[in-house]
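Scroll down for the structure; my scribbles are underneath it.
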Amino acid sequence: MKHLLDFQGWSKGSLENVLETAKVMSDVLDRPVKKVPALQGFTICNVFFENSTRTRLSFELAARRMSADVLTFTSATSSTTKGESLQDTISTLEQMRVDCFIVRHGASGAAHSVNKFTKAKVVNAGDGRRAHPTQALLDAFTLQQRFGSLEGLEIAIVGDVRHSRVARSNAELLPKLGAKVRLCAPATLLPRELEADGVTLTTNLKEAVSGAHAVMALRLQLERMNTGYLPSLEEYRATYQVNSKTMKHARENALIMHPGPMNRDLEIEGDLADHNKSVILEQVRNGVPVRMAVLYHLLVGKS
Amino acid sequence: MVALPKNGVIMKIEIKNAKLSDGSSQDVLIENGLIVAALSGAADVSIDGSRYLVTPALIDPHAHLRVPGQEEKETLETGLMAAVAGGYGSVVSMPNTSPAVDEPELVQKLIRDAEALGLARLFPSAALTRGREGKLLSDAAALKAAGAVMLTDDGGTNEDAGVLRRGLEYAHALGLVVSVHAEDASLRGDGVINEGHTSEHLGLPGNPVAAEAARIARDLEICALTGSRLHVQHLSSARGLALVREAKTRGLPVTCEVAPHHLTLTDTLFASERFYCDPVLKVAPPLRSQSDCLALLEGLRDGTVDCIGTDHAPHTTAEKQRDMLEAPFGIANIEITFPLLYTRFVETGKLELSKLLELMTSGATNMLGWTAPTLEIGSVADIAIFDLNTTKTVDSKTFKTKARFDSPWQGEALRGWAVCTIVRGKIAFDSR
């Protein structure tokens, strides 16, 4: 593949291959020497127009673990406010013989634009509210590690679905791998149009969580209160917080997930995040092997 | 390509066997800026009209020429050159410039500068409110005296209904039509494309049809209350159109226009390979659904729509290459509007040629309260000549407008290109 912008054009088989490779990479990271020469001589460039230390570090480490050279271009403000277009930025960086761009941007479609501007491979590290495919892959990997397969799993995703690229990417990926997704949010944050094969919507938290194999809470941006999407934090907490009471409706061994960073005791009960059913730190850990697998497939994969 | 005569040179032009929109043929003779029965001597220019469609020049009731203050996007020269290249002899310019056209001196200067170019005629609209802020009425009588033909805060949405009411009443007494960019700003929110399946899947802020429909409904009530002439600009949705249709059956003095992009493009293109989240399609009001396109076409046929306004909205390439959230709204289309609509609708039998021409000529003059243009003896010689047979593909790189960013119709094969545009009896554009 030329890119991972979203899961369009990625077959179930190829996605399973990536997850299989991620398993191999995960084993590598358990060794005392956590480095392989797979991408030696390749140059990977992080291009981040949005602050995201965690995702950037995860990608950086993934590239370094495979012996690639890593460049990082960050710009908190968009390049246009400096007068340089995204195309100019990418063309400039491409001259430094970059093999793969990893792009984070505040606007939907920016990773697609980068892909048009360059012959290099492109990985979308989050574009606006649209997609964050490696996050969804690491969520799928985490579920697979625990359940063996995603076939037949029921996953509840709870929170600000409207503004969440994590929710959109999971709603795209998990059904492809055989899981059912239930998106749950207050009506103002739950676009009806996201309903699809394998994706159902509900404003009722209990209904969303009932029988679920995993419950993922999404980060709530505090600015949603000022823009009229929600009446109050108190009401949100009382109605949509994922807590121990919520989890009683889920399956007994249901996992607790969160893409981070968490607002403890807002969208997720603080103690629940530390519960032994919580795989939140495992998600972070799995980010590295999954991103290694993605880079490996794009840069040295056969097809 | 014949050399363009210098301004002021009296020209005698004959168009032999001019083919008219009703299929008939006649000679059209032009002297001293008028259509005449006979020339006083030999013609300076003779055109074989049998190969072409000859019609009164097109009139655009809605274009952004960006002057004063945004000359990086368009100048009077490039904008009016693009107009004549599209077969337009007259253009109503929008006042959302920098500063806004809200003073008589600005109106006079626009007219003066445009006259000097000898291209399309420029009829400035002026701001309904000072600075287009929607608060205090501008000096409408003085603006009219200076030559403003319409009042509008286009781009701005007249959030204060009370101000719009007073503005309508005041303008109506002066015989000026007020036109509105009908979108409820709070329902529109930060929307950048139509709200629907595409916007939600792309995670782009949506602007619902309800924003347009609700605002049209409000403004129609004010129209009914005041009995004043109201013109709804660039109507984009089936629902908005239905409201205007119903108001017309009630006899309200309302007119409306539709832009070529709302007739031919849909929001689903944003999810297509070619236009994926591409701001070249970002326009306000946004592109809607296929059923909206079909409803607007029906509106052209049944007379609900009074005229085609291009809403030609030039921007620099760099601006349109920003991301979907930052790029400005607008599509540059004035030089391809006729070939686009001719090829898409007339050639396919969806619209009569005479109806399309009416929507692009007398539709605008009726809306403005003027007499309709004709090719009769004694009429002013504003004439467009179109080639209905030669196919040419759209290429924004060859546009006369400064806005040469990728056209949404780039590469589309069209017929009906203007080959010659005569304004005030002089050849303003000639590509023969």
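Every chain is numbered from 1 and lettered A, B, ... according to where its sequence line falls, protein lines coming before strand lines. Every heavy atom of this structure was used, including side-chain atoms; hydrogens, water molecules and symmetry mates were not.
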Does [X] [atom1] have over 12 foreign heavy atoms under 6.0 Å away?
X	atom1	result
Lys2(A)	NZ	yes
Asn51(A)	CG	no
Glu298(B)	CD	yes

Heavy-atom contact with chain B under 4.5 Å, split by part of Ser108(A): both
Leu194(A) and His201(B): CA distance, side-chain angles, deciding distance, side-chain contact (heavy atoms from CB on, under 4.5 Å) verdict: CA-CA 7 Å; Leu194(A) 293 183; His201(B) 281 264; 4.1 Å; yes
Please list all pairs meeting side chain to side chain donor-acceptor pair (under 3.5 Å) that have one or both residues in [range], counting only residues at least two apart or in different chains.
range	answer
residues 4-13 of chain A	Asp6(A)-Arg130(A), Ser11(A)-Ser14(A), Lys12(A)-Glu151(A)
residues 172-200 of chain A	Glu154(A)-Arg182(A)
residues 282-294 of chain B	Asn194(B)-Arg288(B), Ser236(B)-Arg288(B), Ser289(B)-Ser291(B), Ser289(B)-Asp292(B)

Among Arg162(A), Arg165(A), His112(A), residue most engaged with chain B (heavy-atom pairs, under 4.5 Å): His112(A)
Chain B interface, residue from Ala110(A), Ala107(A), Ser164(A) that has the most non-hydrogen pairs under 4.5 Å: Ala107(A)
Within residues 115-123 of chain A, residues adjacent to chain B where the heavy-atom gap is under 4.5 Å: Lys116(A)
Distance in Å, Leu325(B) CG paired with Arg129(A) CZ, rounded so as to fall on 0.5 Å steps: 7.5 Å
